[in-house]
Amino acid sequence: MARVPAAVRKVLAPLPRAPRALARRYATRRPSPTPELVTQPHPWTRALGLVTVVLLGAWLGLLIVGNVRVPVGPMNTTMTLRPSITGGTKINVSPLGALQLDSHIAPVRLDVNVDQLDPARAQALVDHPERLSGLQDEVTQDVAHGTRDLALRSCVAVVTGATALGLAVYRRPRRALAAGGLALTLLAASGGTAYATWNPESVLEPKFSGLLSSAPSLVGNARSIVTEFDVYQKELARLVTNVTKLYDATSTLPAYTPDPSTIRVLHVSDIHLNPASWKIIASLVEQYKVNVIVDSGDTMDHGTAAENGFLDPIEDLGAPYVWVRGNHDSHLTQRYLEKLKNVHVLDDGKAQTVAGLRFAGIGDPQFTPDRSKIPGGDAANELAGARLATSLRDQKAAGTPVDVAVAHEPVAAGQTDGEVPLALAGHIHHQEMEVLPYGTRLRVEGSTGGSGLRAIEGKHPDPIQTSILYFDRDTHRLQAWDEIELGGLGLTTAEVRRNLVEENQPGATDSPTDSPTGSQTGSPPPTPAPNPSP
């Protein structure tokens, strides 16, 4: 067989020598991928995912590194920003309690934790009260410095946290940086909202939560707050001073010293045979240096003679006791109270002066436990309130105006509108305060007995509620009041919220005259509330 020339072999070499070799060649090739439809996430879903990553990362950043330690006066504190729906400021004075201030409205809350006290500086402040004059500026500067440091650290914390979490989730530097930028934008917007809604006067009306025994000393005196209108610096310095005293070297609570220009009234109502109420009332009388107690009725549950012994502790409460009959108190109960020392029973509009204030009241015309009689409803209370209003007008005309009117039902108390500056009531088992159309302020107290036996009928016990009312000793006008709420059945912790009368807010006009203007004729009563104790 003839040899194939070399030139021909060179040309034929790239060609496959056999079909089998050609098959092996193409078998090694990977098939082209078949195109498939991939569902892309919706833009809103991507945006929601990014916002979730930003918020979670920012919160983690604040939680880990977003706090600063700041000396405020003699105290060492830690300031932190926390996500919040309502905003505000919370000052934790562990283990005594916490103060909450409605300082701003924003999705972030400022937490201030009092960590420890500098013993030398604290003792010097307690021993030398004259140094308090310079404490105002010092505390303000410390807080301003701490706030600036906290703002800077918070920016770094939220950007770092959101960026790090974005990088872990998306694994793309561009998306991670977008998360960090969005976190910084949200923080800046929150800061702008807080600045725009900043209310330095919130220190006038703090809400205290903690040990009841700490409340008077920590929240402070009402009258001194009312008269000091340079509120931010002075109130901030006062809070620091009070906390300093609470943490002094002796570790004892300071004695609460009330302003001598005030008359302090403890308003209780609807005790409903709860024996724990007497201990609570006696404690408040001692802690707040109460001048007089006013009970707006329903002290009993059935008004029987067998219950009368429950009233005996009233003689030892440490303050005069002014009382009106409720719809669960019988005339038998009223006669028993009239025989107790230190008790002043009000009825039929007759007035009595107790602890410098002039009171007048009327008993509830209905006695609910007596099923043999059909209750008269609101009409009976409107008639009783009209009788009380007539008595108030007569006493005003005689030159002996009444300072406080007392009735059990708010419907009856509302009939005194225009005839007295303040009317007190109870019955509905929760606290309310309103200014009626003709100028009378109606204060309705909650149940100081936690609704009595009704407290254990529901899933959670009803809270025990009472109030401290601060009156000006000269004008007999209400200046402020503290709403006090204890856990159901009388726990050791409490919430105390300071409230100022509108005329005493900083920048308000002068207080109105002692007697509201207007006539009782045609004044509408408040909307009747449902009867909680039929």
Is the backbone of [Y] close enough, under 3.5 Å, to the side chain of [X] for a donor and an acceptor to pair up by distance?
X    : Y    : answer
D329 : M300 : yes
T147 : V143 : yes
D348 : K350 : no
D298 : N327 : yes
E307 : H302 : yes
N92  : D111 : no
Q395 : G349 : yes
S277 : T448 : yes
S202 : L101 : no
H104 : V108 : yes

Within a strict 4.5 Å, meaning less than it, do heavy atoms of the [X] and [Y] side chains meet?
X    : Y    : answer
D347 : V324 : no
I314 : D312 : no
V292 : L266 : no
V354 : V294 : no
Q352 : L346 : yes
I281 : I271 : yes
V265 : W481 : no
S269 : H427 : no

Is there a donor-acceptor contact under 3.5 Å linking the side chains of [X] and [Y]?
X    : Y    : answer
S296 : H267 : yes
T262 : R264 : yes
D403 : H476 : yes
D295 : T299 : yes
R358 : T353 : yes
Y470 : D259 : no
Q334 : S330 : no
R387 : Q415 : no

So which atom in [X] and which in [Y] form the shortest heavy-atom distance, rounded to 0.1 Å?
X    : Y    : result
A405 : L392 : CB-CD1, 4.1 Å
G385 : T416 : O-CG2, 4.5 Å
I464 : G449 : CG1-C, 4.2 Å
Y336 : G309 : OH-CA, 4.4 Å
H430 : E432 : NE2-OE2, 2.8 Å
D472 : D474 : OD1-N, 2.8 Å

Let me see the working for R497 and D482 under salt bridge (Lys or Arg N to Asp or Glu O under 4.0 Å), right down to the final yes or no. CA-CA 5 Å; R497 188 173 189 89; D482 289 345; over 6 Å; no
Closer than 4.0 angstrom, basic N to acidic O: yes or no for [X] and [Y]?
X    : Y    : result
E205 : R498 : no
D394 : K396 : no
E495 : K207 : yes

In terms of the angle between their ring planes, are W278 and F310 parallel, tilted or perpendicular, with boundaries placed at 30° and 60°?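 Correct class here is tilted.
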Could you go through the side chain to side chain donor-acceptor pair (under 3.5 Å) check for E445 and S467 one step at a time? CA-CA 7 Å; E445 190 54 76; S467 302; 2.7 Å; yes
Does atom CG of L332 have more than 12 heavy-atom neighbours from other groups under 6.0 Å away?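 Result for CG/L332: enclosed.
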Show your working on ring-ring contact (aromatic ring centres under 6.0 Å, His included) between H272 and H429 and close with a plain yes or no. CA-CA 11 Å; H272 284 292; H429 292 196; 5.2 Å; yes
